[in-house]
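Single-structure report; data block below.
Since we're looking at a predicted model, the values are computed, not measured. Proteins come first, then strands; the chains are lettered A, B, ... in the order of their sequence lines, and each starts at number 1.
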Protein chains: 2
Amino acid sequence: MDKKDEILKVALRLITESGFHATPTSKIAKEAGVANGTLFHYFKTKDDLILALYTKHQNELRLFIDKHSTKNNSIDSTFHVFYISTINWIHENQTAFQFIQQFHQSPFYQLIPREYINQNESFLIELLQQGLNQGAIKQLPIELLHSMINSHIIGTINYLTTRNLSLEDFHKTTQKSFSLLWDMIRK
Amino acid sequence: MDKKDEILKVALRLITESGFHATPTSKIAKEAGVANGTLFHYFKTKDDLILALYTKHQNELRLFIDKHSTKNNSIDSTFHVFYISTINWIHENQTAFQFIQQFHQSPFYQLIPREYINQNESFLIELLQQGLNQGAIKQLPIELLHSMINSHIIGTINYLTTRNLSLEDFHKTTQKSFSLLWDMIRK
DNA sequence: GTCTATACGTTGATAGAC
DNA sequence: GTCTATCAACGTATAGAC
């Protein structure tokens, strides 16, 4: 792995553990096995590093969802696949997801252009639009539904990650959780 | 208002805006209209200030819920009152709630004793236990239900606060959101 | 590209007068 | 209790050699 990736990898872990400002660049450089100056060769400022970290993992999540979700099936099946694959990615990338959440609650988030956010949300938004058109889900503002689904996923993840479930129980819980979601939004 | 409260009030605002570490004690003191040394007279360290801020508002929320929720009515009615009053408190105390969320995601949270957390969650946990006993809600692990309800509330708040709704629409949305929650957990 | 050395501002916290 | 003055430590970022 080259030095740039190593810096990003270490930064993700340390920042998620301690927060943006409590994580000095010196510590990141040290644990990544590079000199302090090297970090600033790859990232002009510390803020640049944080923004790069965000877009990197956000892109990975979006690509994963796009790759695993097809829109050819029925609405409820598409929803199901979307839900499961999102949970799976988050579970495999817990630190990255924690970082994304931290980032969303920080002032940095205001620096992200609206178009970029829209792009990341587009899959779910279009799916909801389709569901509304077909009368499969409750007639409510699409942003409300979107917000409820996002927080539902976060709640499920919070539950899953604070326990140490067997793989079987993990899948069972994920399925039950999806049922809850579907009971909530279906007409 | 005495100086201690003024410090807490300003700290809440500044820390919520910029985060724990990005908010210097000097700035808090300045905006609170006190000298730097005065802040450290009331709070031994900066961490002490942050912990005091957390327990203060967390206590206020708990007292508010205890005060407005009665357990004498039917389960669904008690749930409804709990939900509405929680949303109302959060809406009236958005900054405090944002701070609490920030705090929960920070390493500080590990410093909070488990008993204190249990105490704050006790109302909802007991309510869920009662609902399970009566067969009113789905037979699922109580922690899963608890987690789903918490995140549901956060999702609703996120939606409500990013829009500028009239008081009427605000209440309508809150009611609809509760219906969604109830559809999700009821048997 | 990578390193060492260092400049420079900022911050949390203390001491001591009033 | 409140203030002023001050310090030691730390953190970001740069300069320049290799």
Kindly state each residue pair satisfying ring-ring contact (aromatic ring centres under 6.0 Å, His included) with at least one member in residues 123-170 of chain B, sequence neighbours excluded.
Phe82(B)-Phe123(B), Tyr83(B)-His152(B), His91(B)-Phe170(B)
Please report, rounded to the nearest Å, how far the [atom2] atom of [N] is from the [atom1] atom of [X].
X: Glu6(A); N: dC3(C); atom1: CD; atom2: P; answer: 12 Å
X: Leu39(B); N: dT11(C); atom1: CG; atom2: P; answer: 14 Å
X: Phe20(B); N: dT11(C); atom1: CZ; atom2: P; answer: 17 Å
X: Lys4(A); N: dG1(C); atom1: NZ; atom2: P; answer: 9 Å
X: Asp5(A); N: dG1(C); atom1: CG; atom2: C1'; answer: 15 Å
X: Lys30(A); N: dC3(C); atom1: NZ; atom2: P; answer: 14 Å

So, does Ser85(A) use its side chain to make a donor-acceptor pair with the main chain of Ile65(A) at under 3.5 Å?
no
Are OP1 or OP2 of dG12(C) and a side-chain N or O of Thr25(B) less than 4.0 angstrom apart?
yes
Under 4.0 angstrom between Thr38(B) side-chain N/O and dG1(D) OP1 or OP2
no
Does atom NZ of Lys44(B) have more than 12 heavy-atom neighbours from other groups under 6.0 Å away?
no
Please step through side chain to side chain donor-acceptor pair (under 3.5 Å) for the pair Tyr42(A) and Asp5(A), ending with a clear verdict.
CA-CA 10 Å; Tyr42(A) 286 109; Asp5(A) 286 341; over 6 Å; no
First locate atom CD of Glu121(B), then atom CD1 of Ile149(B), and finally report the distance between them rounded to the nearest 0.5 Å.
11.5 Å
Taking the side chain of Asn36(B) as its heavy atoms from C-beta onward, which of dA13(C), dT11(C), dC3(D) lies nearest to it?
dA13(C)
Heavy atoms from C-beta onward define the side chain here; which of dG11(D), dC3(C), dC3(D) lies closest to that of Lys3(A)?
dC3(C)
With a 4.0 Å heavy-atom cut-off, tell me which residues in residues 40-53 of chain A come close to DNA chain D, sorted by residue number.
Phe40(A), Thr45(A), Lys46(A)
Does the separation of the ring centres of Tyr54(A) and Phe108(A) fall below 6.0 angstrom?
no
